[in-house]
Each structure stands twice: as C-alpha cells, then as structure tokens.
Amino acid sequence: MSDNKKPLNFIEKIIEDDLASGRISRLKTRFPPEPNGYLHIGHAKSICLNFGLAKKYKGSCNLRFDDTNPEKEDEEFVESIKQDVQWLGFQWEGDIHFTSDYFDQLYEWAIGLIKEGKAYVCDLSPDEAREYRGSLTEPGKNSPYRNRSVEENLELFEKMRAGEFDEGACSLRVKIDMAHPNMQMRDPIIYRIKKAMHHQTGDKWCIYPSYDYAHGQGDAIEGITHSICTLEFEEHRPLYDWFIQNLPVPSEPHQYEFSRLNVNYTVTSKRKLKQLVDEGVVSGWDDPRMPTISGMRHRGYTPKSIRDFVESTGVTRTDGVVDVSQLEFSVREDLNENAPRAMCVLNPLKVVLTNYPEDKRETMTAPGHPNRDDFAERLLPFSREIYIDRDDFREEANKKYKRLVLGKRVRLRNAYIIEADEAIKDDSGEIIEVRARVIENTVGKNPEDGIKAKGVIHWVCATNHVNCEVRLYDRLFTEEFPDAGGKDFMNSVNPESLKVLTNCKLEMSLSKPNTDIPYQFEREGYFFVDLKDSRPEHLIFNRTIGLRDTWNK
RNA sequence: UGGGCCGUCGCCAAGUGGUAAGGCUCUGGGUUUUGAUCUCAGCAUGCGUAGGUUCGAAUCCUACCGGCCCAGCCA
C-alpha cells in the first residue's frame with residue numbers, strides 16, 4: 001500500500017491507521033475551493049494532497065465549490081478552477097459538488113437545532129455582536145436574545161428566510177459558550193442575511209450558511225473521511241466536531257490541518273495578486289510571472305514539475321517558506337528529460353565564413369535530444385553567413401572563456417569548427433560582424449591538425465531561419481519576503497522581471513513549433529510558445545526557466 | 001499577559017529513548033560537440049535555550065526563549 005522508500009507524512013500515517021483499524025473502509029477526500037479567484041501554487045499543494053492521497057490509497061476525491069458567500073463568488077471562477085485541477089492531472093469523482101447543493105438540508109438541520117434549543121436568532125448588530133463577543137483575554141457576554149423561546153426563534157428564522165429583515169438585522173447563532181477560551185465557540189453565527197443573487201441557486205435564498213456550519217456537514221453528506229485543510233482552521237475543529245455531534249449527519253468525517261505552502265520571492269494573497277493585475281505590473285492573472293496555476297501554465301511549467309515540487313516540500317504542521325530554487329529544480333528536472341532541443345540565437349551577431357563559397361549550401365543533422373533516441377532528428381541549413389550570440393564572441397579573453405575569440409577556434413554545435421580572424425565595427429565602435437574561417441573536415445570530427453576547439457557555441461543560418469520574439473522572465477520581486485512585516489510589497493517589484501527580445505533567430509525546424517511542452521534552446525534555457533500572443537507569422541516564446549549556470553555570465 | 005499550534009544544516013524534511021535519512025542550495029573532482037545533463041566527493045559531535053531523569057535523550061520531565069493563528073453576519 002505504501003512504498004517503503006519514502007517515509008509517510010503524518011496524514012498518511014493517520015489514514016493507514018484508520019484503514020488498518022477499520023475506522024474507514026475506503027478513503028474519501030475533497031478539494032473545496034471557494035470560487036472567488038484564481039488558483040495559485042498554494043492551492044496546488046491542497047490539490048496534490050487531496051487528489052494524491054485518494055489515488056495512493058485507492059479512494060476518491062470530490063471537487064466541491066464552497067459557495068456560501070454569493071457576494072464574493074462567480075461562475076467564472078468555477079470554470080477556471082475546474083480547468084486548473086484537470087490540467088494539473090487530476091480528476092474528481094463523479095459530478096462536481098457545490099455546498100449550495102446542501103442548502104435545503106442545512107436549513108432543515110438548522111431548524112432542528114432551534115427546536116432542540118441549541119440555536120437562536122440574535123438581533124445584535126454586527127458591531128454589538130463584536131462587543132458581546134469579548135476579546136482574546138476577556139470572556140464574552142451572553143446576547144440578550146439568547147433565551148428566546150423555540151417558537152419565537154422558529155418564527156423569526158422563518159421570517160429571515162422569507163426576506164422580512166434587512167441584511168445585518170439579525171442572524172442565527174448556535175448556543176455554545178460565550179466565555180469559551182476559543183473564540184470560535186462563542187455562539188458562532190451559522191446563518192446570515194445576504195440579499196444577493198447566487199451563481200448556483202439564483203434568488204432562492206436570502207440567508208446563507210456560514211463556512212463553519214456548512215463545511216463539515218458537506219463533508220458528512222458526501223461521506224468524506226478525511227477533511228484536510230490548512231493550519232488556520234485548527235481552532236475551528238472543535239466547532240466542526242460540535243456540529244457533527246449535534247446534527248443527524250450521515251457520516252462522521254474528521255478534520256486534519258497541515259501548513260500551507262509558501263514560496264519566497266513571491267506573494268500569494270489574493271488581494272496582492274489582484275493589486276499586481278489592477279496596477280498593470282503584470283499583464284493579467286495568467287501573466288507568466290504570476291504564481292497562479294494559469295500563470296505557471298502560460299510560462300511553460302509542466303503539471304508534472306508542479307506535482308513533483310509539491311511532493312518535494314512534504315506535508316507537515318511547520319510554518320515555513322520554501323526556496324524558489326526547489327521549484328526551479330523540479331521544472332528543470334522534468335524539462336531536461338522531456339524537452340526537445342533546438343538552437344535559437346537571442347542577441348544575433350553576424351559571422352561571415354570567408355573561406356566558405358557563397359553559393360554553397362549544406363544541411364547538418366542534429367539529435368532531437370542528446371540522451372534519447374525517440375526524438376526526431378533535426379535538419380540544420382548551413383551557409384557562408386550565420387548568426388551567433390553576441391555574448392559568444394570576444395576580441396580577447398582569458399583562458400576561462402570557452403567561446404569564440406579572435407585568432408582562436410570554437411565549435412559550432414552540430415557543425416564545423418571555425419576560427420575568428422577579424423571583428424568589424426561601426427563608427428561607434430560596436431562590433432557588427434565577425435569574419436571567420438571554417439576549418440575543413442571538422443563536422444563530427446576533430447581537426448586534422450590536432451588543434452581542438454575549447455568550446456561549443458550555438459548558431460543559426462543567416463539566410464534560412466525564423467525570426468521570433470523571446471520574453472525573458474525573472475522573479476517578480478527583488479525581496480525574498482516582499483510582504484514581510486509591514487513592508488509594502490509593491491516597493492520590491494523587480495523592474496527587470498521581463499525583458500523582451502524582438503530580433504531572435506530561431507532554427508528553421510521550429511517554424512511550426514510544438515505547443516505541448518517547452519523546447520530547450522541549447523545553452524540558454526527552456527522556452528515555451530506563448531499560447532496567448534504567439535502567431536504563426538510572429539512567433540513568441542516565453543522563457544520558462546534558464547539552464548543551471550555554473551559559469552559567471 | 002486567554003486559548004491553540006510550531007521550533008532538527010542556508011531552505012524543505014526524516015527521526016517517537018540507543019548514539020542525526022534524504023532533497024534543494026552551495027563547494028570541489030570526473031565525463032561531455034549544451035559552461036546543461038550525468039557522475040563522484042564534501043557540507044549538523046549536534047536537534048530553540050537552560051536544567052533534570054537515564055548506562056544512554058532530538059526523542060521523557062521542568063522552566064524559559066522565539067515564531068504562527070484566533071476577537072468577519074470571509075473562507
């Protein structure tokens with residue numbers, strides 16, 4: 001059932017114990033997003049955990065939209081959330097669920113609570129309710145409406161439901177203990193009036209159940225065995241259990257909390273992400289620099305790399321911040337294995353091969369992937385004029401520099417070794433062309449004179465290539481903790497998080513690029529066709545991530 | 001200063017009384033027509049601190065210190 005390679009996390013241990021003891025016969029989890037925004041890397045962890053556990057233990061996982069607050073939710077988000085979950089590689093069991101599917105049942109159970117004297121309609125205003133609730137160090141006071149009769153409560157609750165009261169005029173509260181040290185237990189509100197149109201139930205209701213009242217019951221109705229949430233819900237657990245014990249629910253789910261996933265050099269709060277979008281710092285929620293699932297997809301991160309990353313961070317109750325390098329490792333690991341290779345010159349510098357006939361044409365061949373033979377071979381047109389990257393040529397350099405230098409040799413990847421003779425400059429002194437010579441008979445072999453090339457650089461034929469645009473992304477923030485202690489995260493936005501290169505030279509074989517997975521542009525990094533902005537006549541690539549670089553560029 | 005939770009290498013994270021796994025990062029070596037990949041090696045005499053129990057403690061006890069969460073008719 002479990003591979004003894006990796007130690008079990010604390011939730012897996014609980015599950016295995018429950019399975020072994022017979023407390024449950026089959027695991028059932030759920031991913032319960034509120035459809036009020038876009039999913040981000042933090043949600044990815046919850047998705048991977050809930051769906052992953054279901055898969056590992058041959059159970060199932062529901063997708064349930066926790067839609068108890070119509071003012072903040074929208075159908076638009078249920079669609080994007082469904083897409084993101086599936087893109088990550090998971091499938092929920094059966095139809096999707098909505099907490100709103102249970103509004104009738106929840107309402108009936110609330111009436112039952114009233115009849116048992118466990119709930120009451122409270123007329124305290126929100127402000128008054130706050131005062132009566134006491135503080136962290138002081139007990140609260142009982143509401144003056146706490147002892148209304150069952151009949152009166154029933155009548156009032158019915159009027160609430162019928163829309164006879166204004167929003168905020170009253171609420172339904174459960175009678176627990178106003179002096180409880182856990183604030184959640186001080187007669188929490190379970191129904192409030194909201195005269196808002198609901199994206200699923202329309203205008204059927206004007207009262208809506210609170211999260212605490214609805215969530216656990218939804219779990220019970222769906223037969224969820226392990227209700228997994230983040231740490232901040234921990235003090236809600238006694239309340240969760242209270243409802244399960246005091247209501248005639250069909251099953252007895254349990255709540256377990258784990259610490260949320262935080263990554264440095266980024267922010268994930270919805271408010272902050274929205275600010276980045278609203279103020280135009282990024283192009284939208286799916287900007288490739290955003291930590292949203294859609295942003296990462298746009299950038300070229302693969303579902304597997306995200307799953308692997310989440311897996312690598314573990315499941316614990318310890319607050320922490322994972323270093324982005326761990327995410328980047330997972331992305332490179334997957335892409336190195338699966339990305340087709342190609343050559344693209346980002347900052348072109350023309351090289352004229354003076355001893356190569358003007359009308360001569362050759363076609364070089366190159367493997368689609370250096371370590372795999374299931375990738376198609378590429379054909380690379382070669383002629384007298386080629387482009388190399390400006391960074392790959394210097395008039396003079398020390399021995400550490402392994403690229404093209406005047407008077408020295410370098411290997412053109414998958415082609416000849418060449419030797420540089422002269423740098424041609426314009427009036428401002430900028431090098432605009434390099435004159436070099438091809439060393440005969442060096443395709444696929446070393447020079448006959450025994451003078452080998454010390455390095456390898458990539459190139460593209462100057463007359464037979466594809467022009468393209470490349471967008472280089474870097475981290476969105478310059479601070480490791482952009483929103484730490486009172487700082488304004490907007491002040492640490494990285495002004496160089498996006499650099500656009502419009503004159504890139506791409507090898508001919510990518511004129512109709514693959515849109516399933518990024519390519520590795522050799523010696524540069526991984527680049528993914530921009531699914532939003534790229535056009536057949538104007539290709540645009542997003543840099544997903546650069547290659548690991550142990551040389552001081 | 002009410003309650004709850006958490007503190008093991010720079011970052012994640014195993015470990016649950018028998019003498020500190022692993023991954024990321026970093027450093028050094030080898031292979032290499034990608035300064036990539038791959039590969040080899042190094043990286044906590046110490047587990048928030050201080051005491052105590054024990055033959056033996058990251059693991060048990062006590063007291064401190066530090067961090068996070070809770071006073072929405074948000075989730």
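Letters go in sequence order (proteins before strands), and every chain restarts at 1.
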Dump every N/O contact between nucleotides 71-75 of chain B and the protein below 3.5 Å, one line per pair.
{"residue": "B/A71", "atom": "O2'", "partner": "A/R133", "partner atom": "NE", "Å": "3.4"}
{"residue": "B/G72", "atom": "OP2", "partner": "A/R133", "partner atom": "NH2", "Å": "3.1"}
{"residue": "B/C73", "atom": "OP1", "partner": "A/R133", "partner atom": "NH2", "Å": "3.2"}
{"residue": "B/C73", "atom": "OP2", "partner": "A/R133", "partner atom": "NH1", "Å": "3.4"}
{"residue": "B/C73", "atom": "N3", "partner": "A/G168", "partner atom": "O", "Å": "3.4"}
{"residue": "B/C73", "atom": "N4", "partner": "A/L124", "partner atom": "O", "Å": "2.5"}
{"residue": "B/C73", "atom": "N4", "partner": "A/G168", "partner atom": "O", "Å": "2.9"}
{"residue": "B/C74", "atom": "OP2", "partner": "A/R192", "partner atom": "NE", "Å": "3.4"}
{"residue": "B/C74", "atom": "OP2", "partner": "A/R192", "partner atom": "NH2", "Å": "3.3"}
{"residue": "B/C74", "atom": "OP2", "partner": "A/K194", "partner atom": "NZ", "Å": "2.7"}
{"residue": "B/C74", "atom": "O3'", "partner": "A/R192", "partner atom": "NH2", "Å": "2.9"}
{"residue": "B/C74", "atom": "O2'", "partner": "A/N69", "partner atom": "ND2", "Å": "3.2"}
{"residue": "B/A75", "atom": "OP1", "partner": "A/T68", "partner atom": "OG1", "Å": "2.5"}
{"residue": "B/A75", "atom": "OP1", "partner": "A/R192", "partner atom": "NH1", "Å": "3.4"}
{"residue": "B/A75", "atom": "OP1", "partner": "A/R192", "partner atom": "NH2", "Å": "2.6"}
{"residue": "B/A75", "atom": "OP2", "partner": "A/R192", "partner atom": "NH2", "Å": "3.4"}
{"residue": "B/A75", "atom": "OP2", "partner": "A/Y211", "partner atom": "N", "Å": "3.1"}
{"residue": "B/A75", "atom": "O3'", "partner": "A/D66", "partner atom": "OD2", "Å": "3.4"}
{"residue": "B/A75", "atom": "N6", "partner": "A/H236", "partner atom": "NE2", "Å": "3.2"}

Checklist entry - Where do A/N69 and A/R192 land on the side chain to side chain contact (heavy atoms under 4.5 Å, CB included) test, with the steps shown first? => result CA-CA 10 Å; A/N69 187 351; A/R192 58 314 200 201; 4.1 Å; yes
Checklist entry - By side-chain contact (heavy atoms from CB on, under 4.5 Å), which residues pair with A/R475, not counting sequence neighbours? => result A/Y265, A/V324, A/N494
Item to check | A/K45 NZ to B/C12 P, straight-line distance once rounded to whole Å | outcome: 11 Å
Checklist outcome for this item: Whichever of A/V322 and A/L327 has the more 5' nearest nucleotide on RNA chain B, that residue is A/V322
Checklist entry - Rounding to the closest angstrom, what is the interatomic distance between B/G48 and B/G15 at atom P? => result 16 Å
Checklist entry - B/C24 pairs with which nucleotide, Watson-Crick or G-U wobble, both distances below 3.5 Å? => result B/G10
Next on the checklist: By the 4.0 Å heavy-atom rule, please label A/K452 as base, sugar-phosphate, or nothing.
Outcome noted: nothing
Next on the checklist: Between the base of B/G23 and the side chain of A/Q326, is there a donor and acceptor pair under 3.5 angstrom?
Outcome noted: yes
Item to check | Parallel, tilted or perpendicular: rings of A/F77 and A/Y38 (30°, 60°) | outcome: perpendicular
Item to check | Salt bridge A/E419-A/R437, side-chain N to carboxylate O under 4.0 Å | outcome: yes
Item to check | Gap between atoms CG and P, on A/D319 and B/C12 respectively (whole Å) | outcome: 10 Å
Next on the checklist: Determine whether a donor-acceptor pair (N or O, by modelled atom type, separation under 3.5 Å) exists between the side chain of A/R548 and the backbone of A/F329.
Outcome noted: no
Next on the checklist: Under 4.0 Å, heavy atoms only, any strand: does A/S330 hit a base, just the sugar-phosphate, or nothing?
Outcome noted: nothing
Checklist entry - Taking the six-membered ring for Trp, are A/H226 and A/Y256 parallel (under 30°), tilted (30 to 60°) or perpendicular (over 60°)? => result parallel
Item to check | Pairwise C1' distance, B/C43 and B/U59 [rounded to whole Å] | outcome: 25 Å
Checklist entry - A/R260 has an atom CZ; how far is it from atom P of B/C6, in whole Å? => result 18 Å
Checklist outcome for this item: Taken to the nearest whole Å, CD/A/E257 to P/B/G4 is 14 Å
Checklist outcome for this item: Applying the 3.5 Å cut-off to both distances, the Watson-Crick or G-U partner of B/G2 turns out to be B/C70
Item to check | Spacing of the C1' atoms in B/G22 and B/G35 (rounded, Å) | outcome: 28 Å
Checklist entry - How are the rings of A/Y191 and A/Y107 set relative to one another: parallel (under 30°), tilted (30 to 60°) or perpendicular (over 60°)? => result perpendicular
Checklist entry - Salt bridge between A/E522 and A/R413, side-chain N to carboxylate O under 4.0 Å? => result yes
Item to check | Separation of atom CZ in A/R186 from atom C1' in B/G4, rounded to whole Å | outcome: 14 Å
Next on the checklist: If I pick the P atom on B/G2 and the same atom on B/U16, what distance separates them, to the nearest angstrom?
Outcome noted: 34 Å
Checklist entry - How are the rings of A/H198 and A/Y208 set relative to one another: parallel (under 30°), tilted (30 to 60°) or perpendicular (over 60°)? => result parallel
Checklist entry - Counting just side-chain N and O atoms, does A/K13 come under 4.0 Å of either OP1 or OP2 of B/G15? => result yes
Checklist entry - When you check every protein heavy atom under 4.0 Å of nucleotides 26-43 of chain B, what one-letter string (B, S, -) results, 5' to 3'? => result -------BBBSS------
Item to check | Torsion-based syn/anti label for B/G72, 90° from 0 as limit | outcome: syn
Checklist outcome for this item: Winner on side-chain proximity to A/D323, out of B/G3, B/C11, B/C5, is B/C11
Checklist entry - Rounding to a whole Å, what distance do you find between A/L49:CG and B/C12:P? => result 18 Å
Checklist entry - Going by the angle between their ring planes, with limits at 30° and 60°, are A/W551 and A/Y401 parallel, tilted or perpendicular? => result tilted
Item to check | Distance, rounded to the nearest Å, where A/E235 contributes CD and B/C69 contributes P | outcome: 10 Å
Checklist entry - On a whole-Å scale, what distance lies between the P atoms belonging to B/G4 and B/A75? => result 26 Å
Checklist outcome for this item: Of A/E234 and A/V315, the one whose nearest nucleotide on RNA chain B sits closer to the 5' end is A/E234
Checklist entry - Given the C1' atoms of B/C9 and B/A20, what is the spacing between them in whole Å? => result 11 Å
Checklist entry - Taking atom C1' in both B/C6 and B/U45, what distance in whole Å separates the two? => result 27 Å
Next on the checklist: Would you call the rings of A/F521 and A/Y519 parallel, tilted or perpendicular, taking 30° and 60° as the class edges?
Outcome noted: parallel
Next on the checklist: Measuring only the P atom in each nucleotide, how far is B/A57 from B/G51? A whole number of Å is fine.
Outcome noted: 14 Å
Next on the checklist: So that I can tick it off, tell me whether A/E507 and A/R378 are bridged by a salt bridge, with the cut-off set at under 4.0 angstrom between side-chain N and carboxylate O.
Outcome noted: yes
Checklist outcome for this item: Using Watson-Crick geometry (N1-N3 plus N6-O4 or O6-N4) or G-U wobble (N1-O2, O6-N3), each under 3.5 Å, B/U62 is paired with B/A50
Checklist entry - How many Å lie between CG on A/L239 and C1' on B/C70, as a whole number? => result 12 Å
Next on the checklist: With a cut-off of less than 4.0 Å, is there a side-chain N or O of A/S312 near OP1 or OP2 of B/C24?
Outcome noted: no
Checklist entry - Whom does B/U34 pair with, Watson-Crick or G-U wobble, provided both distances fall under 3.5 Å? => result none
